[in-house]
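Atoms within each ligand, like the ligands themselves, are counted from 1 in listed order.
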Amino acid sequence: MSILNEISTALQSGKAKIVKELIPQALEAGISSKDILEQGLLAGMDVVAVKFKNNEVYVPEVLIAARAMNAGTEILKPYLAESGAKPIGKALIGTVKGDLHDIGKNLVRMMFEGKGIEVIDLGVDVPPEKFLEAYKAEKPDVIALSALLTTTMGEMQNTIAAFVEAGERDNVIIMVGGAPVTESFRESIGANYYTADAASAAETAKLAIIEKGNL
Ligand code: B1M
């Protein structure tokens, strides 16, 4: 079995310790951090996602696989980052209220950091007022909202409404993403940008920050 398959298999069974041992070995063998992420960790998570959907595994198994995923991405973090980049701007990130999914959000955070964007991570289940409070304290350029549930997507709209009400909406770039989010949803709630994956989110944030600085 290739080492990428081994990483995927270990992740599927939630073996975080083995995932943590295999990643340095894969790096040592010359495999890129991008391939380890996509063909090892994310490939394993995809298998878990299909099994979860088909009721072949349940929340506890998914949770330990998610922990193995997060443990793996933490090791990859320095390798995914562009070395020596000075901060070009600041972002606040969080998964919206009622939503506990953090793997995608953590990937977005990592990719932002890789583009030289300083990130303040508010975690999961973040209510609109917490985003607003953190915005006032930190004055970031970008607010990045993640949602994985159709039932929590509406919290993105509530978060934007809180910024409108506070008279701060035009002062910050608001980005949205997560599996159920679409471009038409973005448009309907008045967010600035939607991107489908973490790498595009980081590229978009970088360009938006540069553009904002030039205005
Ligand atoms: Co949940 N869950 N879950 N879950 N879970 C989904 C999302 C689901 C699709 C599974 C299914 O197929 N049925 C389904 C949602 C259905 C729906 O709403 N339409 C679901 C459900 C129903 C639930 C519960 C309600 C289950 C229950 O309790 N009965 C419950 C809800 C808890 C809550 O949040 N209140 C629940 C719980 C959990 C766990 C805790 C067990 C665990 C989360 C652990 C954790 O995150 N620490 C979990 C997981 C892991 C999943 C699946 C299997 C995998 C999600 C994931 O991490 N994918 C998921 C199935 C699936 O997605 N197919 C599922 C990997 C990750 C890299 O992808 O997060 O999509 P993702 O991020 C992507 C893009 O979306 C994007 O970038 C990433 C790729 O580069 N992206 C952004 C994300 N945020 C972005 C922000 C951006 C831009 C891009 O800009 C700001």
Next on the checklist: Can a donor-acceptor pair be found, under 3.5 Å and without considering hydrogens, that links the side chain of Asp141 to the backbone of Lys90?
Outcome noted: yes
Checklist entry - Which of these, Lys51, Lys105, Met45, has its nearest heavy atom closest to atom 58 (N) of ligand 1? => result Met45
Item to check | Side-chain donor-acceptor contact under 3.5 Å, Glu155 with Thr159 | outcome: no
Item to check | Ser200 backbone acceptor or donor facing Asp197 side chain under 3.5 Å | outcome: yes
Next on the checklist: Check Arg67 with Glu74, please: is the shortest side-chain N to carboxylate O separation under 4.0 Å?
Outcome noted: no
Item to check | Region of Leu107 engaging ligand 1 - heavy atom pairs below 4.0 Å | outcome: side chain
Next on the checklist: Students should be able to answer this: which protein heavy-atom is nearest to atom 42 (C) of ligand 1, and at what distance?
Outcome noted: Val62 CG1, 3.8 Å
Checklist outcome for this item: Quick look: Leu145 vs ligand 1, heavy-atom contacts under 4.0 Å, and the answer is backbone
Checklist outcome for this item: atom 29 (N) of ligand 1: closest protein heavy atom, distance to 0.1 Å, is Val59 CG2, 4.4 Å
Item to check | Path from Val62 to Leu42 over hydrophobic side-chain contacts below 4.5 Å | outcome: yes
Checklist entry - Looking at atom 84 (N) of ligand 1, what's its closest protein heavy atom, distance included? => result Ser146 OG, 2.8 Å
Next on the checklist: Less than 4.0 Å from atom 9 (C) of ligand 1, is there any heavy atom belonging to the protein?
Outcome noted: no
Checklist entry - Do you reckon Leu132 sits in the same ILVMFWY cluster as Val164, going by side-chain contacts under 4.5 Å, direct or chained? => result yes
Next on the checklist: Yes or no: does Leu42 have any heavy atom under 4.0 Å from an atom of ligand 1?
Outcome noted: yes
Checklist entry - Do any nitrogen or oxygen atoms of Thr150 come within less than 3.5 Å of a nitrogen or oxygen of ligand 1? => result yes
Item to check | Closest protein heavy atom (residue, atom, distance) for atom 40 (C) of ligand 1 | outcome: Leu63 CD1, 3.6 Å
Checklist entry - Which of the listed options, Met111, Met175, His101, holds the heavy atom that is closest to atom 43 (C) of ligand 1? => result His101
Item to check | Closest approach of any protein heavy atom to atom 89 (C) of ligand 1, naming residue and atom | outcome: Thr195 O, 3.4 Å
Checklist entry - Which atoms from ligand 1 have a heavy atom of Ala179 less than 4.0 Å away? => result 70 (O), 75 (O)
Checklist entry - Minimum heavy-atom separation for Val124 to Asp99, with atom names? => result CB-O, 3.6 Å
Checklist outcome for this item: All heavy atoms of Gly44 vs all of Leu11, minimum pair found to be C-CD2, 3.6 Å
Next on the checklist: Could you check whether atom CG of Asn54 has more than 12 heavy atoms from other residues, nucleotides or ligands sitting under 6.0 Å from it?
Outcome noted: yes
Checklist entry - At what distance is the nearest protein heavy atom to atom 52 (C) of ligand 1, and which residue and atom is it? => result Phe52 CD2, 4.5 Å
Next on the checklist: At less than 4.0 angstrom from any non-hydrogen atom of Asp99, what atoms of ligand 1 do you find?
Outcome noted: 34 (O)
Checklist entry - Are any side-chain N or O atoms of Gln12 and backbone N or O atoms of Ser8, one a donor and one an acceptor, separated by less than 3.5 Å? => result yes
Checklist entry - Heavy atom of Thr151 under 4.0 Å from ligand 1? => result no
Item to check | Those atoms of ligand 1 less than 4.0 Å from some heavy atom in Ala144 | outcome: 91 (C)
Item to check | Val176, portion touching ligand 1 at heavy-atom distance under 4.0 Å | outcome: backbone
Item to check | Under 3.5 Å: donor-acceptor pair, side chain of Thr152, backbone of Ala147 | outcome: no
Checklist outcome for this item: With Phe131 as partner, the option from Asn158, Ile93, Leu145, Ile160 fulfilling side chain to side chain contact (heavy atoms under 4.5 Å, CB included) is Leu145
Item to check | Sub-4.0 Å protein heavy atom next to atom 50 (C) of ligand 1 | outcome: yes
Item to check | Joint cluster assignment, Phe163 & Phe185, ILVMFWY side-chain distance < 4.5 Å | outcome: yes
Item to check | Lys/Arg N to Asp/Glu carboxylate O, Glu203 vs Lys206, below 4.0 Å | outcome: no
Checklist entry - salt bridge (charged side-chain N to carboxylate O under 4.0 Å, His left out) between Arg186 and Glu183: does it pass, once the steps are laid out? => result CA-CA 5 Å; Arg186 174 207 69 76; Glu183 173 58 21; 2.8 Å; yes
Item to check | Of the listed options Gly178, Ser200, Ala49, Ala198, closest to atom 82 (C) of ligand 1 (non-hydrogen atoms) | outcome: Gly178
Checklist entry - If you count the atoms of ligand 1 from 1 in the order shown, which ones are under 4.0 Å from a heavy atom of Ala66? => result 44 (C), 45 (C), 47 (N)
Next on the checklist: Need the ligand 1 atom indices (1-based, order shown) with element for anything under 4.0 Å from a heavy-atom of Ala201.
Outcome noted: 88 (C)
Checklist entry - Short N/O distance, under 3.5 Å, between Val48 and ligand 1? => result no
Next on the checklist: Please state which option from Gly104, Gly44, Ala196 has its nearest heavy atom closest to atom 66 (C) of ligand 1.
Outcome noted: Gly104
Checklist entry - Nearest protein heavy atom to atom 70 (O) of ligand 1, by residue and atom, and its distance? => result Leu148 CD1, 3.6 Å
Checklist outcome for this item: To atom 87 (C) of ligand 1, the nearest of Ala199, Ala202, Gly177 on a heavy-atom basis is Gly177
Checklist entry - What protein heavy atom sits nearest atom 33 (C) of ligand 1, and how far off is it? => result Leu100 N, 3.6 Å
Checklist entry - Which is closest to atom 15 (C) of ligand 1 by heavy-atom distance: Asp46, Leu149, Val181? => result Leu149
Next on the checklist: Check whether Asp125 reaches the backbone of Lys97 with its side chain - one donor and one acceptor, N or O, closer than 3.5 Å.
Outcome noted: no
